[in-house]
2 protein chains.
Amino acid sequence: MLKVKEVSELIGISVRTLHHYDEIGLLSPEKMSGSGYRLYTDTDLEMLQQILFFKELGFPLKRIKDIINQPSFNRKEALETQRKMLLEKKKRLNQMLTLIDKTLKHEKGELELSNKERFEGFDFSKNPYEEEARERWGNEAVDKSKKKVSSMSTSEQKEMEGKMNAIYRRLAELRDSSPTSEESQEAIKEWYDFLNSNFGHQYSYEAFKGLGQMYVADERFTKNIDQFGEGLAKFMSEAMTAFADKNK
Amino acid sequence: MLKVKEVSELIGISVRTLHHYDEIGLLSPEKMSGSGYRLYTDTDLEMLQQILFFKELGFPLKRIKDIINQPSFNRKEALETQRKMLLEKKKRLNQMLTLIDKTLKHEKGELELSNKERFEGFDFSKNPYEEEARERWGNEAVDKSKKKVSSMSTSEQKEMEGKMNAIYRRLAELRDSSPTSEESQEAIKEWYDFLNSNFGHQYSYEAFKGLGQMYVADERFTKNIDQFGEGLAKFMSEAMTAFADKNK
DNA sequence: ATTGACTCTCACGTTACGTGATACTTTAAA
DNA sequence: TTTAAAGTATCACGTAACGTGAGAGTCAAT
């Protein structure tokens with residue numbers, strides 16, 4: 001069992017960080033000495049490794065706490081998911097390297113670079129790995145929408161629900177047409193805007209696409225959506241994918 | 001020329017961020033409309049790209065501002081340095097992937113993993129790229145010490161200078177002995193502690209070693225230090241390297 | 001003229017610690 | 001056994017980098 005300085009030196013994080021993690025309930029050591037000293041066990045260190053990987057991937061500490069406290073949390077699975085996420089991060093890094101090379105060529109007058117192209121290697125999606133985390137450890141869109149809704153007044157809830165239903169009904173009318181038609185895409189845009197302005201969560205196009213995929217993968221979504229019309233979830237999923245791919 | 005929302009949507013950063021960068025003088029648009037709207041030119045966007053690369057590499061905004069305001073700042077050179085840094089970042093990412101693979105093997109009982117090994121892919125050095133930035137855009141140890149000194153009272157300056165000179169003199173006395181001797185290492189530790197408590201900058205052992213190397217690589221340092229004794233810069237450099245290697 | 005979208009500044013809030021202070025505990029040396 | 005230095009705790013303010021909401025001014029289309 002290690003005390004704070006020992007852990008701090010072993011890993012290279014500050015004692016203050018360890019205190020902070022204890023305070024917020026993220027990592028509280030399994031044992032305390034009689035005089036109130038924190039004593040970290042091997043198990044604590046195993047969990048700390050998990051935390052540091054999630055932190056490296058840009059997850060806020062609160063979210064990390066959520067995740068590791070899931071009853072279904074399993075370290076081996078987590079490592080595999082984190083591995084996948086790190087590979088994606090590596091891909092993004094490669095995109096940035098490609099962008100630098102292009103910019104250097106541009107500086108040398110070897111190629112043209114539009115303003116848009118100048119920033120194509122950057123991706124400021126909120127947290128690109130949150131979608132994956134959600135799939136594995138919790139469906140935050142559903143959870144968050146439930147929470148957000150429950151904190152509204154009744155009339156606010158009715159208004160929002162009315163808007164949502166209207167969009168669903170509109171989409172249901174369109175579900176026999178092509179998901180990529182102009183009308184369908186317009187309606188999906190409305191859905192995209194609605195989600196982004198009412199649920200305290202900002203969807204990237206990629207995340208929106210992932211959400212659409214979940215509509216058909218997750219029974220709860222499919223059932224809920226298909227109330228408005230048989231096959232609506234599938235239609236929306238396809239339309240959302242098309243929307244995201246068109247706008248990326 | 002683009003207004004804030006256009007820039008925000010082009011790149012994916014918030015309007016607030018652009019406001020903030022203007023406020024702190026990091027990126028102020030070249031033009032303003034008659035009514036006070038920020039108007040960003042292509043040149044502004046070029047600089048913003050630079051800023052975002054530095055930010056990706058973990059540089060604080062203040063430091064980024066320092067760097068890009070250097071008279072010697074040159075975008076092509078910056079891109080090349082940033083490229084190098086991103087490659088290093090990629091290497092660190094690979095180390096983490098390797099660590100995950102090792103941890104997974106451990107979970108499966110295929111290998112042993114000590115507590116130390118469990119964290120070997122992590123590196124929490126302050127900002128690992130600062131050393132390189134310093135080499136290229138400014139010798140912050142010198143600059144910062146000058147700035148720090150100029151904001152002190154005269155008596156504070158004398159006291160600090162006295163301490164510094166005493167350490168130099170001590171080291172000068174030892175310069176004909178081995179840089180790794182106990183006495184030399186003690187004196188170097190004093191220098192390390194002095195630097196870390198007087199210049200508003202925290203040296204990692206690696207950075208301290210790098211600084212020692214600069215003493216012989218940078219004419220200004222060598223000249224300044226050798227005032228205390230011929231060959232002192234070289235001696236200190238070697239002793240600092242030994243000190244860092246022993247403590248890492 | 002009106003309205004909705006856009007822009008500005010202001011200012012408080014959030015997140016994740018860094019830092020210094022004060023008091024208690026532990027450890028090693030005298 | 002005592003002492004002093006190192007280690008640990010809690011407290012609380014500060015920093016960095018925005019996020020968020022508010023209120024007022026601007027712009028463009030109807």
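Note on naming: letters A, B, ... go to the chains in the order of the sequence lines (proteins, then strands), and numbering restarts at 1 for each one. Since the model is a prediction, treat every value here as computed from it, not as a measurement. Basis for what follows: all heavy atoms, side chains included, without hydrogens, waters or symmetry-related copies.
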Engineer: In whole Å, I'd like the distance from the OH atom of A/Tyr40 to the P atom of D/dT8.
Structural biologist: 11 Å
Engineer: Test: side-chain hydrogen bond (donor to acceptor under 3.5 Å, both in side chains). Region: residues 5-15 of chain A. Which pairs qualify, not counting sequence neighbours?
Structural biologist: A/Ser14-A/Thr17
Engineer: Starting from P on C/dT26, measure out to CG on A/Leu39 and report it in whole angstrom.
Structural biologist: 11 Å
Engineer: Between B/Arg38 and C/dC8, is there a contact of a side-chain N or O with OP1 or OP2 at under 4.0 Å?
Structural biologist: yes
Engineer: Counting side-chain heavy atoms from C-beta on, which of D/dA16, C/dT27, C/dC8 comes nearest to B/Lys62?
Structural biologist: D/dA16
Engineer: Which atom names give the shortest non-hydrogen contact between B/Leu99 and B/Arg118, and what distance separates them?
Structural biologist: CD2-O, 3.2 Å
Engineer: Return the value, rounded to whole Å, for the distance between atom CD of B/Glu6 and atom C1' of C/dA5.
Structural biologist: 13 Å
Engineer: Provide the closest heavy-atom pair for B/Met96 versus B/Phe122 in the form atom of the first, atom of the second, distance.
Structural biologist: CE-CE2, 3.5 Å
Engineer: Using a strict cut-off of less than 4.0 Å between a Lys/Arg side-chain nitrogen and an Asp/Glu carboxylate oxygen, indicate whether B/Glu190 and B/Arg170 qualify as a salt bridge.
Structural biologist: no
Engineer: Checking B/Phe119 now: which residues fulfil ring-ring contact (aromatic ring centres under 6.0 Å, His included) with it, not counting sequence neighbours?
Structural biologist: none
Engineer: NZ of A/Lys5 versus P of C/dT26: gap in Å, rounded?
Structural biologist: 17 Å
Engineer: Which residues, if any, of residues 14-37 of chain B bring a heavy atom under 4.0 Å of DNA chain D?
Structural biologist: B/Ser14, B/Arg16, B/Thr17, B/His20, B/Tyr21, B/Ser35, B/Tyr37
Engineer: Identify each donor-acceptor pair in which a side-chain atom of residues 23-30 of chain A lies under 3.5 Å from a protein atom, sequence neighbours left out, and give them as a table.
Structural biologist:
from    : atom 1 : to      : atom 2 : distance (Å)
A/Ser28 : OG     : A/Asp22 : OD1    : 2.8
A/Glu30 : OE1    : A/Thr41 : OG1    : 2.6

Engineer: If you check every side-chain atom of A/Lys55, which of C/dC17, C/dC8, C/dT27 has the closest atom?
Structural biologist: C/dC17
Engineer: Got a list of protein N/O to nucleotides 2-4 of chain D N/O distances below 3.5 Å?
Structural biologist:
none

Engineer: Could you pull out all residues at least two apart from A/Ser33 that satisfy side chain to side chain donor-acceptor pair (under 3.5 Å)?
Structural biologist: A/Ser35
Engineer: Rounded to whole angstroms, how far apart are CZ on B/Phe124 and C1' on C/dG18?
Structural biologist: 16 Å
Engineer: Does the side chain of B/Leu18 reach to within under 4.5 Å of the side chain of B/Tyr40, using non-hydrogen atoms?
Structural biologist: yes
Engineer: Can you name the closest pair of heavy atoms from A/Glu56 and A/Leu86 and give their distance?
Structural biologist: CG-CD2, 4.4 Å
Engineer: Please state whether the phosphate of C/dT7, meaning OP1 or OP2, lies under 4.0 angstrom from any side-chain nitrogen or oxygen of B/Lys3.
Structural biologist: no
